[in-house]
There are 2 protein chains.
Amino acid sequence: MPDMHSRSVQDYLKALYKLQHNDTPVSTSELAARLHVAPASATAMIKKLADAGLVEHVPYQGSRLTESGRREAVNMVRRHRIIEQFLQEVLHYRWDEVDEEAEVLEHAVSDKMVDRMWEVLGRPSHDPHGSPIPDADGHVPHQPGTPLSEWPDNTPATIVRLVERSPEELRYFAQQGIRPGEAVQIVQRAPFDGPITIRTASGETSLSPELAQAIHVQ
Amino acid sequence: MPDMHSRSVQDYLKALYKLQHNDTPVSTSELAARLHVAPASATAMIKKLADAGLVEHVPYQGSRLTESGRREAVNMVRRHRIIEQFLQEVLHYRWDEVDEEAEVLEHAVSDKMVDRMWEVLGRPSHDPHGSPIPDADGHVPHQPGTPLSEWPDNTPATIVRLVERSPEELRYFAQQGIRPGEAVQIVQRAPFDGPITIRTASGETSLSPELAQAIHVQ
DNA sequence: ATCATTTTTTAGCCTTGCCTAAATTATAAT
DNA sequence: ATTATAATTTAGGCAAGGCTAAAAAATGAT
Ligand SMILES: [Mn+2]
Ligand SMILES: [Mn+2]
Ligand SMILES: [Mn+2]
Ligand SMILES: [Mn+2]
């Protein structure tokens with residue numbers, strides 16, 4: 001299984017994997033938006049991925065990863081998270097800085113180097129954002145936790161994970177004292193899917209439900 | 001100083017820097033050979049580098065780096081050597097394994113990451129092959145040492161550096177017990193630039209003068 | 001059922017960096 | 001001083017991975 005796919009191919013596979021939460025196919029425009037690419041560019045790439053047997057594509061309907069595509073996507077997620085953990089633990093990066101660097105390095109480091117990092121770290125099971133590190137054989141550990149947007153009001157909770165999104169959002173979380181391990185509580189919830197106000201150790205903040213979805217608690 | 005040059009550009013600059021030992025311009029074919037590309041490809045790239053003000057090129061004569069080109073080349077050498085040292089010290093690579101990984105990573109890691117690696121290593125001055133690590137401001141420390149090919153016969157010496165070449169050659173050196181810090185001595189020298197026989201702690205070997213030039217002693 | 005809007009695909013173009021084959025220039029040998 | 005050889009450049013192509021503009025299909029609203 002020669003994983004010698006290009007950086008672009010690897011990023012497309014990872015994006016498809018993350019967008020395919022339910023099991024409905026991923027739309028071309030979602031994918032394009034995620035990767036900051038024109039829809040036409042995504043269409044062209046999807047065709048190549050389909051030819052390579054990495055996705056199944058029904059024109060005008062959407063795309064889903066094949067088993068082989070999923071395997072490579074999960075492997076990229078594994079690499080990404082191990083690198084993030086390494087950057088934090090060994091090179092003293094902050095958890096809101098690791099993603100940017102890992103986004104590049106995940107395509108550059110060898111399998112050997114990923115293994116060494118994992119060993120040096122003591123075989124970690126989670127990355128700095130609380131996301132689980134998949135096994136080398138493609139198994140993704142189940143992650144307990146509920147999106148904060150679905151948590152009952154005025155009920156104490158602990159942040160277990162911040163689902164990866166943009167670096168800006170992560171920096172905003174960091175700034176607001178929102179980080180894995182921290183205690184939170186929903187103080188107020190505006191009607192009609194309005195902003196959710198939460199209290200953490202460092203004060204109160206209002207978040208859009210969209211954003212509150214990225215905070216997983218328990 | 002936006003160093004956002006492509007991987008290819010960076011590798012061409014580094015190659016030019018290493019080939020330009022004396023001060024005669026570097027020939028296009030030398031450069032092409034070093035980078036395993038066709039001469040025509042090197043010509044095309046040289047033209048782009050010249051347009052970007054990184055080299056001066058006289059058609060049919062050769063190329064030499066401008067000051068700005070030299071600066072970027074030296075910076076790439078710095079990155080390469082810091083990464084090599086990091087791979088050896090932190091990830092337990094052997095010194096004959098580090099080059100291959102560093103050749104890729106040097107283009108992928110951020111300046112921040114290079115700085116962190118250098119700090120975590122305790123600001124090292126040399127890489128695993130005994131080559132000096134240039135300063136961040138482009139100054140290259142002078143390296144004492146003489147090519148073994150020019151060392152007097154039957155005179156004990158210590159290896160201070162193995163000048164970087166192919167991974168295969170480095171692995172051969174490792175296998176023959178030739179490594180920085182080791183004692184060597186020329187036992188015999190065949191006439192007409194013939195093979196040089198040397199003795200190390202682990203036995204005797206014959207090397208071409210070409211290869212013996214890569215071993216710097218003192 | 002028809003029309004308007006949105007989504008997706010197609011068509012055509014661009015840049016980077018490589019290639020081979022053919023010209024051109026420099027160098028070496030008569 | 002030619003002439004042969006070697007080095008270098010030019011010409012013409014190719015694959016990846018982007019882009020915009022135009023066509024086509026799906027979706028939603030009268
Ligand atoms: Mn990436
Ligand atoms: Mn993460
Ligand atoms: Mn390189
Ligand atoms: Mn080295």
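Convention: sequence-line order gives letters A, B, ...; per-chain numbering from 1.
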query: Is a donor on one side and an acceptor on the other found under 3.5 Å between the side chain of A/Asp135 and the backbone of A/Gly138?
result: no
query: Within the side chain of B/Thr66, is there an N or O that forms a donor-acceptor pair under 3.5 Å with the backbone of B/Leu54?
result: yes
Between [range] and DNA chain C, which residues have a heavy-atom gap below 4.0 Å?
{"range": "residues 23-42 of chain A", "result": "A/Ser27, A/Thr28, A/Ser29, A/Pro39, A/Ala40"}
{"range": "residues 53-65 of chain A", "result": "A/His57, A/Pro59, A/Tyr60"}
{"range": "residues 13-22 of chain B", "result": "none"}

Strictly below 4.0 Å, N to O, side chains only: are [X] and [Y] in salt-bridge contact?
{"X": "B/Asp51", "Y": "B/Lys47", "value": "no"}
{"X": "A/Arg123", "Y": "A/Glu119", "value": "yes"}
{"X": "B/Arg81", "Y": "B/Glu164", "value": "yes"}
{"X": "B/Glu106", "Y": "B/Lys14", "value": "yes"}

Tell me the interatomic distance from [X], atom [atom1], to [N], atom [atom2], rounded to whole angstroms.
{"X": "B/Ile46", "N": "D/dT8", "atom1": "CD1", "atom2": "P", "answer": "9 Å"}
{"X": "A/Gln10", "N": "D/dG17", "atom1": "CD", "atom2": "P", "answer": "10 Å"}
{"X": "B/Lys47", "N": "D/dT8", "atom1": "NZ", "atom2": "C1'", "answer": "11 Å"}
{"X": "A/Leu49", "N": "D/dA16", "atom1": "CG", "atom2": "P", "answer": "12 Å"}

Point-to-point distance, once rounded to the nearest 0.5 Å, from [atom1] of [X] to [atom2] of [Y]:
{"X": "A/Glu97", "Y": "B/Arg116", "atom1": "CD", "atom2": "CZ", "result": "6.0 Å"}
{"X": "A/Tyr12", "Y": "A/Lys48", "atom1": "OH", "atom2": "NZ", "result": "8.5 Å"}
{"X": "B/Ser166", "Y": "B/His36", "atom1": "OG", "atom2": "NE2", "result": "8.0 Å"}

- request: Mind checking side chain to side chain contact (heavy atoms under 4.5 Å, CB included) for B/Pro180 and listing every partner two or more places apart, or none if nothing turns up?
  value: B/Leu162
- line: Applying side chain to side chain contact (heavy atoms under 4.5 Å, CB included) to B/Gln20 and not counting sequence neighbours gives B/Val26, B/Arg64, B/Leu65
- prompt: Of all nucleotides in DNA chain C with an atom under 4.0 Å from a non-hydrogen atom of chain A, which is the first and which the last going 5' to 3'?
  reply: C/dT8 to C/dT10
query: With a cut-off of under 6.0 Å to the ring centre and 45° to the axis, is B/Arg79 in cation-pi contact with B/Trp118?
result: no
message: Regarding A/Glu84 and A/His129, do their side chains bring together a donor and an acceptor under 3.5 Å, going by distance alone?
response: yes
